[in-house]
Amino acid sequence: MADYKPQAIEKKWQERWRDARAFEVTEDSAKPKFYCLEMFAYPSGHAHVGHVRNYMIGDVVARMKRMRGFNVLHPFGWDAFGLPAENAAIKSGTHPETWTLENIAHMKGQLQRIGISYAWERELATCMPDYYKWNQWVFLKMLERDIAYKRRSSVNWCPTDQTVLANEQVINGACWRCGTTVTTRELEQWFFRITRYADELLAGAERLDQWPEKVLTMQRNWIGRSQGARLKFDLAPGGSGQGIEVFTTRIDTIYGANFVLLAPEHSLVQAWAKEDPEHFSEGLKKFQAQDRSARMTGEVEKEGFDTGRHAINPFTERPVPIWVANFVLGEYGTGAVMGVPGHDQRDFEFARKYKLPVTTVIRAVDGEAPDASALGAAAESDGLLVNSGPYDGLGSDNARAKLTDEARHRGIGEGTVQYRLKDWGISRQRYWGTPIPVLYCDSCGMVPEKYENLPVELPKIAEFSGRGDSPLAHVPEFVNAKCPKCGGSARRETDTMDTFVDSSWYFLRFCDPHNAQLPFDPEKVAYWGPVDFYSGGVEHAILHLIYSRFFTRVFRDIGMTSLDEPFERLLTQGMVLNSGQVMSKSKGNVVDPDDMIARYGADALRLYVMFVAPPEKEIEWTDAGLEGSWRFLARVWRIVDQLSETIGGEGIPGPDSVVLNDEERALRRKTHETIRRVTQDLDPRVHLNTAVSGLMELVNELYAFCGQSRCLVVGRTADEEASVGVIERPGTVAVLKESVEALVLMLSPFAPHMAEELWEMLGHKEGVVAAGWPPFNPEVAKAQEITVPVQVNGKLRGRVVVGAEVSEEELRAAALADPQVQKHIQGKTIRKVVIAGGSASRLVSIVVG
RNA sequence: GCGAAAGUGGCGGAACUGGCAGACGCGCCGGACUUAGGAUCCGGUAGCCGUGAGGCUUUGGGGGUUCGACUCCCCCCUUUCGCACCA
């Protein structure tokens, strides 16, 4: 008998897996494919338990699917470009590449010591030229299709990180990475036209029925589709050529539009400010002092000033004043809105503050016309139109259609759809990213780099100052280049791409990671795609997951794949907390997996993290819980170790070919019930915690069985030990063998090293994958006798034991005859007897009165 | 403010489509084994009443539907997350 010593076992199997290239795969049409992926890692240094939980979840799924006969692609890689590497360079002088590669080496070791079954030959790092070359390739394709374009625009600027941020990267007005309040800058920037796919991304979300509803809702809100109309207000007097176009979703309230509001950034405001600088600079001054993010999030009070100009409401044909208001956003819609104080709360507050008239033009279908002034709030619901000339009496829906039609006929407006989603700004003024492959030539203007010149490599030497322009701009040998068109002198673009570009298609590259001709072979992606199971943190609900859906469609449109959606099923795993807080170096509460492996082994660590809570939920780290999992594994080890001599031999007859007694049959039933339960919990449910508890129950049952049948030494007195003999009954040997083997196989996705070791101890030459998932036999799982609970007036009063094939009449008679039940029904009238449930859960419910 | 999810023993959590609430584990209590055990094996463990058989109460609170509700419906409370002037 040997004690359970995880460290030695784990090392042994990790070496074997590596030497046998056990998890490498190729396309194989004989097996169904399964693409299992965890979000790849940013190589920040050391992975803590919170990071590796995700890889453990994916590994259980991958290993289980392999055993169930799937050809499983389970790759891993590194999201290796990004700011922390560059910041480390500024701080310590280490080159970003050195820093990144060292971190990758360390973290790879950590993952290998946890025993994650990756196809390491497919490993990729986005900072390598053979990867980012294809970022540049896609960029050029996007340029050709007008998906990539450059424009000067007002952009989000993080003063700490000294770079531009995409809208998706600004959280509550602050930088997603460092939390600094974001400011604005006017810059020439490259954009990806993700808005072209807005409708498709929205519609596609409807079909993602294996994604968490929460993530889909967040994406829908982010895309923010609004159906409405654009409508032109002419300027008064004279209604000269130029007017003000507004966007509204409530054209049904047009007769209540008593003013027009312009964003301070609106071009007309800028023009008028030139004509009348005194008046406008006075008004605009207070907005300039206001924080942009505070303005965006509505923290500042609604304020405005009168331009002194008027516009004509195109339906009432009356002049209305034009005001500038701080709550109107320049970048949404047309930067101008119509003010309907009776039916829009913001406009109402504005009107009240500046004493502008309020008109009611909608009344409730079954009520009076509400008076917003009396109400103290705008009546924002739909209803029936009043005070609206020829449109009086129409419902809001109907009126919107009619008014939009009328506006179109008159050439002053049209129905339109507006999105909150904006094009994705991808220029970053940083070094450690993919160079944008374009040049600026004095005679040819902007010229894309030629495909054959890719990759445009990052120069090795760069100065890391942390200044607000790209470090590449200070490397003359990079900047100065020849124009690909005319051969004259040209300057290279010195901005690099947002690192979210890298992660938007890496899952496709994994299908063909060493392809030197193309980003990937379309046939390989056709075989492996889409990702069947994708897991990662919910913090990527919008950023990475919407960009990836966008990129997949771009690859589709350039003919590289027929996929629309990249990820079939998404699991967002919960975080690991320690002392109630997220693990972080600064809080000093990180748990390093290597420390836990040194104490309890990787298998116990994996088992604990999988068992303590469902994968989606956050968990609170406890050493005691980990120890409990270790105890369970040691318990499995002991029983298998002790039984291995008896059940590990050759030529043992199976349980179908020997006579079984009641106890043996019961153990067999429990074994098959467990197979059914654990299988379902893993696939398709991914309820990993209950799968583990199912295995624990089976182990408890095995101990009880062995205790009774005296075939186990553990826990006995010295005297008793002597009486523990050789197991004589062939039935006992047969059911124990079946049960223990099923246990070891089902445990193997969770505790792969120990399971392989035990499997070998049981006399098997080939590993657990070759053995396959244990088969479930419904005949064996079926109970011969069942215990049926009996309720009287809804309270549990007794249980009757009957044959599994009992008829309803027999069951009713047995229930009524039960002495416990009798006590509660005696002398009362039986009103009703309900026999409920199918074969799985039966119950008798008696109603007396 | 709007939207979503969730509230179950001392703790983490189970209960698949309305059918035996508290599986499994942690912790705690007891027993066995033992020179000893923080090892191991066995047992107990929601609360209250009762020596016991058993009874009553119990899934955030209140109401409802049903033979039967952790599960469905309505109201309220709490927590977490997301959105937050998008016209």
Side-chain angles (χ1 to χ4, degrees), chain A residues 3 171-172 212-215 217-218 221-222 224-226 228 246-250 253 261 295-300 302 325-329 331-334 336-340 344-347 349-350 418-421 538 541-542 608 611-614 616-620 622-629 631-632 634-635 638 677 680-681 685 687 689-697 699-700 703-704 706-707 712-721 787-796 798-799 820 823 831-838 840-848:
Chain A
D3 284 344
I171 315 293
N172 288 331
E213 197 51 47
K214 176 191 166 118
V215 173
T217 305
M218 283 167 73
N221 292 341
W222 185 260
R225 184 183 200 274
S226 328
V246 302
F247 173 73
T248 179
T249 56
R250 292 298 304 274
T253 63
L261 299 172
R295 243 189 79 200
M296 292 280 290
T297 54
E299 282 160 25
V300 295
K302 291 175 184 45
N326 62 345
F327 67 92
V328 179
L329 307 171
E331 62 265 41
Y332 184 77
T334 61
V337 299
M338 61 189 211
V340 185
D344 182 282
Q345 185 59 25
R346 296 157 301 187
D347 297 344
E349 286 169 29
F350 194 79
Q418 193 65 46
Y419 297 96
R420 212 185 86 116
L421 180 74
V538 73
I542 294 174
Y608 164 61
F611 173 63
V612 69
E616 296 86 350
K617 260 199 91 157
E618 66 183 27
I619 59 180
E620 173 71 31
T622 64
D623 284 0
L626 173 57
E627 195 168 324
S629 291
R631 266 203 298 269
F632 168 71
R635 192 166 148 86
R638 280 189 296 274
R677 177 174 159 192
Q680 282 177 359
D681 279 353
R685 300 199 329 158
H687 287 197
N689 54 329
T690 52
V692 175
S693 69
L695 296 175
M696 288 171 167
E697 277 186 55
V699 171
N700 291 344
Y703 269 86
C706 290
L712 205 61
V713 175
V714 285
R716 294 184 188 278
T717 62
D719 287 352
E720 280 178 321
E721 256 186 59
T787 303
V788 179
V790 184
Q791 293 182 344
V792 179
N793 285 352
K795 289 202 165 111
L796 180 69
R799 292 188 170 86
Q820 286 302 327
K823 272 195 345 207
R831 294 252 162 88
K832 198 171 181 181
V833 179
V834 181
I835 312 274
S841 60
R842 304 189 80 170
L843 176 142
V844 181
S845 183
I846 302 166
V847 189
V848 297

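By convention in this document, chain letters (A, B, ...) are assigned in the order of the sequence lines, proteins followed by strands, and residues within each chain are numbered from 1. Below, each value reflects all heavy atoms present in this structure, side chains not excepted, and no hydrogens, waters or symmetry copies.
- Both distances falling under 3.5 Å, in either a Watson-Crick or a G-U wobble arrangement, place B/C28 opposite B/G44.
- Within the 4.0 angstrom heavy-atom criterion, no nucleotide atom of any strand lies near A/T217.
- Spacing of P atoms, B/C29 relative to B/U17, comes out at 39 Å, to the nearest Å.
- Atom-to-atom, CD of A/Q418 to P of B/A87 comes out at 8 Å; the value is rounded to the nearest Å.
- As rounded to the nearest Å, B/U40 and B/G47 have P atoms that lie 26 Å from one another.
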Exercise for the section: Using a 4.0 Å cut-off on protein heavy atoms (strictly under), produce a 5'-to-3' string for nucleotides 56-71 of chain B with B for base contact, S for backbone-only sugar-phosphate contact, and - for none. Expected result: SS---------B----
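- For B/G63, the base adopts the anti conformation, since its glycosidic angle falls more than 90 degrees from zero.
- Aromatic pair A/F350/A/F327: ring centres closer than 6.0 Å.
- Looking at heavy atoms from C-beta onward, A/L261 lies in side-chain contact with A/D347 at the 4.5 angstrom threshold.
- When Watson-Crick and G-U wobble pairs are counted only if both distances are under 3.5 Å, B/U17 pairs with no nucleotide at all.
- Note that CD1 of A/I835 is 8.0 Å distant from CD1 of A/I846, once rounded to the nearest 0.5 Å.
- Across B/U71 and B/A6, the matching C1' atoms stand 14 Å from one another, rounded to whole Å.
- For the pair A/Q680 CD and B/U17 C1', the computed distance is 13 Å after rounding to whole Å.
- Taking CZ of A/R677 as the reference point, atom NE2 of A/H687 lies at 11.5 Å (rounded to 0.5 Å).
- With a 4.5 Å cut-off on side-chain heavy atoms, A/V847 and A/V833 do not count as touching.
- Nucleotide B/A53 forms a pair with no other nucleotide shown, judged by Watson-Crick or G-U wobble geometry with both contacts under 3.5 Å.
- Across the interface with RNA chain B, nearest-nucleotide mapping of A/T787 and A/I619 shows A/I619 to be the residue nearer the 5′ end.
- Distance check on atom C1': B/A21 versus B/A15 gives 7 Å, rounded to whole Å.
- Across the protein-nucleic acid pair, A/R685 atom CZ and B/A14 atom P stand 10 Å apart, rounded to whole Å.
- To the nearest whole angstrom, the two P atoms, one in B/A87 and one in B/C16, are 41 Å apart.
- Atom CZ of A/R685 and atom OG1 of A/T690 lie 5.5 Å apart (nearest 0.5 Å).
- Straight-line distance between the C1' atoms of B/G61 and B/G7: roughly 12 Å, to the nearest whole Å.
- A 3.5 Å limit on both hydrogen-bonding distances identifies B/C2 as the Watson-Crick or G-U partner of B/G82.
- When the C1' atom is used for both B/C48 and B/G9, the distance is 14 Å, rounded to whole Å.
- In this structure, A/F632 atom CZ and B/A39 atom C1' are separated by 18 Å, rounded to whole Å.
- Rounded to an integer number of Å, the gap from CD of A/E213 to C1' of B/A6 is 16 Å.
- For the atom pair CZ of A/F611 and CG of A/L695, the computed distance is 10.5 Å after rounding to the nearest 0.5 Å.
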For nucleotides 78-83 of chain B, list the nitrogen or oxygen atoms of the protein found under 3.5 Å from its nitrogen or oxygen atoms, one pair per line.
from  : atom 1 : to     : atom 2 : distance (Å)
B/C81 : O2'    : A/K214 : NZ     : 2.5

Completion exercise
Nucleotide by nucleotide, nucleotides 22-29 of chain B touches protein heavy atoms under 4.0 Å in the pattern (B base, S sugar-phosphate only, - none) -BBSSS--
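- The CD atom of A/Q418 sits 5.0 Å away from atom OH of A/Y332, with the distance rounded to the nearest 0.5 Å.
- B/C70 is unpaired under the criterion used here, namely a Watson-Crick or G-U wobble arrangement in which both key atom distances are under 3.5 Å.
- Remark: the separation of the C1' atoms in B/G25 and B/A14 is 11 Å, to the nearest Å.
- Using N1 to N3 plus N6-O4 or O6-N4 for Watson-Crick, or N1-O2 and O6-N3 for G-U wobble, each under 3.5 Å, B/G38 pairs with nothing.
- Regarding A/K617, its NZ atom lies at a distance of 8 Å from the C1' atom of B/A6, rounded to whole Å.
- Whole-Å rounding puts the A/L261 CG to B/A87 C1' distance at 9 Å.
- Residue A/Y703 contributes atom OH, which lies 5 Å from atom P of B/C41 at whole-angstrom precision.
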